[in-house]
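Each chain gets a letter, A, B and so on, in the order its sequence line appears, and its residues count up from 1.
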There are 2 protein chains.
Amino acid sequence: MSKQAVIKGSCENCYLRKSPRSIALGPREHQLISRSLVRRFVVEEGEQLVETGQASGVYTLYDGSAFEAITLPDGRRQIVDFYIPGDIIGFDGIAGRAQRSVTMMSSAIICEFVPDMLDLLIEADAAFARHLIAAALEKARSLEDLAVRLGRMRAIERVADLFLTIYTRSAAINRVSYGGSITCAFPATHRILADATGLTPAHINNILRELREGRIAVLSGKILTIHDLPQLEQLAGTAAVELGQRLIL
Amino acid sequence: MSKQAVIKGSCENCYLRKSPRSIALGPREHQLISRSLVRRFVVEEGEQLVETGQASGVYTLYDGSAFEAITLPDGRRQIVDFYIPGDIIGFDGIAGRAQRSVTMMSSAIICEFVPDMLDLLIEADAAFARHLIAAALEKARSLEDLAVRLGRMRAIERVADLFLTIYTRSAAINRVSYGGSITCAFPATHRILADATGLTPAHINNILRELREGRIAVLSGKILTIHDLPQLEQLAGTAAVELGQRLIL
DNA sequence: CGTATGTTTGATCAGCTTCAATGGAAGTGG
DNA sequence: CCACTTCCATTGAAGCTGATCAAACATACG
């Protein structure tokens, strides 16, 4: 955690808010958000945002990508969420929770807010409280999907489902390019994929080859390329859905 | 869904609220809750609370036990949550979400509230909004634990972890008896255990035998008996924690 | 009693893990 | 600019965990 930067402008004009899927907020909320912003800083690839057990604030991922993992006493690790630009990190209090960590998959820019910002916003506006509840429930929903993936899918289905999720979420923030094939950023190593799908890196490698040779999807050079979306959807057992609006701080 | 019953008394005096872990509410909240209660009715073992795709209200499980499951197109099923008395069902809108169902594991009594009760309460009181957010985040937290169980634990650890969770949550509502061994209600079939742990009924049976012969825990006659809590905790990789306060509607 | 549902057991097998070794790519210091 | 290091991807052999399938048994229930 390093390199504090100068903050220019207000959060109201944040580029992340330009998205049509960004929930509209009132002037009071904008003011509260801007005032709650503490700093914006860079976290390098591989570094963790919050060291275990430390107090922390609320963050948003301004740019870059990251994952949240839970580690068992013997070192086994389960990745429970991926973060992309615009996502709120730590509003569920990662800091107080042992063995939970957020690690950058690329060099990232983080906005840090004061720890009690959410309380202030809830107090200020019932509509905002509803947005926060919606955000929390959306997190729960995606964790339920993760449970299905881990508990009841075979290896290739798990990877397909993960890829589809990454694609869907990237599309929701306009970070997908459609030039013949669909491509979006996903700087995950095989180990990261393994820890996200409950598999081993060796087997992930087999699955990726299978997807590559089937001309379904390729992960290479930190870029996910989807050649055959219908087939990916069939493997995942779900169609790629358009995501609804989401809260941007 | 059947047998509508007469409702006597207000929610303020609900027996579920007697627990020391029940979050204290103000008079206005009590009034709003009581007024939002539509009916109380019985759902029989094996029946589902919400048929897929139907509109529904918000419920609490007044008595009995249930599970929430997600079903894949080909019939594979993952149980993502268990419910015990006092739990709120459907505040995340199970009704609108395909392939999601809540099934009773025993004959159960359900309190149904009006669908927009939560909005009313959020509007009425910021403190209540915070409780709801806390409840949603607690749900997310337990789903993260589920992900670890499914993704990174071996079979016996998964079952031990599940048993520990059931015990911890039962203890939080005073539904555990400590007579030499620890016992609490858990009317799950092997198939239910299998769908909760990502295993098969046949293998669940092997694991239960192992736990039984190791004098660690026994599941028999809808009762979970824990003979050796420390060993169960070691298998699960966690100590049984005392749960904090929770919202009772 | 007969039926349905759940439990128990065994044989066989597949999917994924484990372990080990090789190769490639990117970064670092001389 | 090269040698060195390090991390990651790739591959293969062997083995284990847990799945699958099938059948017998127990239990509850109408």
Participant: Please tell me which of the listed nucleotides, D/dC21, D/dG18, C/dC16, lies nearest to the side chain of B/Ala202?
Facilitator: D/dC21

Participant: Decide, yes or no, whether a salt bridge links A/Arg149 with A/Glu144 under the criterion of side-chain N to carboxylate O below 4.0 Å.
Facilitator: no

Participant: May I ask you to check whether A/Tyr59 and A/Phe91 place their ring centres under 6.0 Å from each other?
Facilitator: no

Participant: Walk me through it: do A/Ile79 and A/Thr197 pass the test side chain to side chain contact (heavy atoms under 4.5 Å, CB included)?
Facilitator: CA-CA 8 Å; A/Ile79 290 175; A/Thr197 54; over 6 Å; no

Participant: Please list, in numerical order, the residues of residues 183-191 of chain A that have a heavy atom closer than 4.0 Å to any atom of DNA chain D.
Facilitator: A/Thr189, A/His190

Participant: In this structure, how many angstroms lie between the P atom of D/dC16 and the CZ atom of B/Arg154, rounded?
Facilitator: 12 Å

Participant: What distance separates B/Phe82 CZ from B/Met105 CE, expressed to the nearest 0.5 Å?
Facilitator: 5.5 Å

Participant: Which nucleotide wins on minimum distance to the side chain of B/Asn206, given the candidates D/dT17, C/dT17, C/dT9?
Facilitator: C/dT9

Participant: Return the angle between end axes of the helix from C/dC1-D/dG30 to C/dG30-D/dC1, with five pairs used per end and rounding to 10°.
Facilitator: 40°

Participant: So, do A/Tyr167 and A/Phe186 have ring centers that fall under 6.0 Å from each other?
Facilitator: no

Participant: Got more than 12 heavy atoms from elsewhere within 6.0 Å of CD, A/Glu233?
Facilitator: yes

Participant: How many Å lie between CD1 on A/Ile204 and C1' on C/dT17, as a whole number?
Facilitator: 13 Å

Participant: Does the structure place the NZ or CZ of B/Arg40 under 6.0 Å from the centre of the six-membered ring of B/Tyr62, at an angle of no more than 45° from the ring's axis?
Facilitator: yes

Participant: To the nearest angstrom, how far is A/Glu45 atom CD from C/dA26 atom P?
Facilitator: 13 Å

Participant: What is the distance, to the nearest angstrom, from the CG atom on A/Leu193 to the P atom on C/dC16?
Facilitator: 15 Å

Participant: Heavy-atom nearest nucleotide on DNA chain D for A/Arg152 versus A/Asn205: which residue maps closer to 5'?
Facilitator: A/Asn205

Participant: Nearest 0.5 Å please: distance from the CZ atom of B/Arg154 over to the CZ atom of A/Arg76.
Facilitator: 7.0 Å

Participant: Can you tell me how far P of D/dT17 sits from CZ of B/Arg158, to the nearest Å?
Facilitator: 13 Å

Participant: How many Å lie between CE on B/Met105 and P on C/dT5, as a whole number?
Facilitator: 19 Å

Participant: Whole angstrom is fine here: how far is it from NE2 in B/His203 over to P in C/dG10?
Facilitator: 15 Å

Participant: Could you walk me through whether B/Leu232 and B/Phe163 pass side chain to side chain contact (heavy atoms under 4.5 Å, CB included), step by step?
Facilitator: CA-CA 8 Å; B/Leu232 202 68; B/Phe163 281 2; 4.1 Å; yes

Participant: So which nucleotide from C/dT18, C/dC16, D/dT20 ends up closest to the side chain of B/Thr200?
Facilitator: D/dT20

Participant: What are the residues of residues 207-228 of chain A, sorted by number, that bring a heavy atom to within less than 4.0 Å of DNA chain C?
Facilitator: none

Participant: To the nearest 0.5 Å, tell me how far A/Asp161 CG sits from A/Ile156 CD1.
Facilitator: 12.5 Å

Participant: Atom CG of A/Asp87 and atom CD1 of A/Ile248: how far apart are they, to the nearest 0.5 Å?
Facilitator: 8.0 Å

Participant: Near A/Glu138 CD, under 6.0 Å, is it more than 12 heavy atoms from other residues, nucleotides or ligands?
Facilitator: yes

Participant: Whole-Å distance between D/dA19 P and A/Met153 CE?
Facilitator: 17 Å

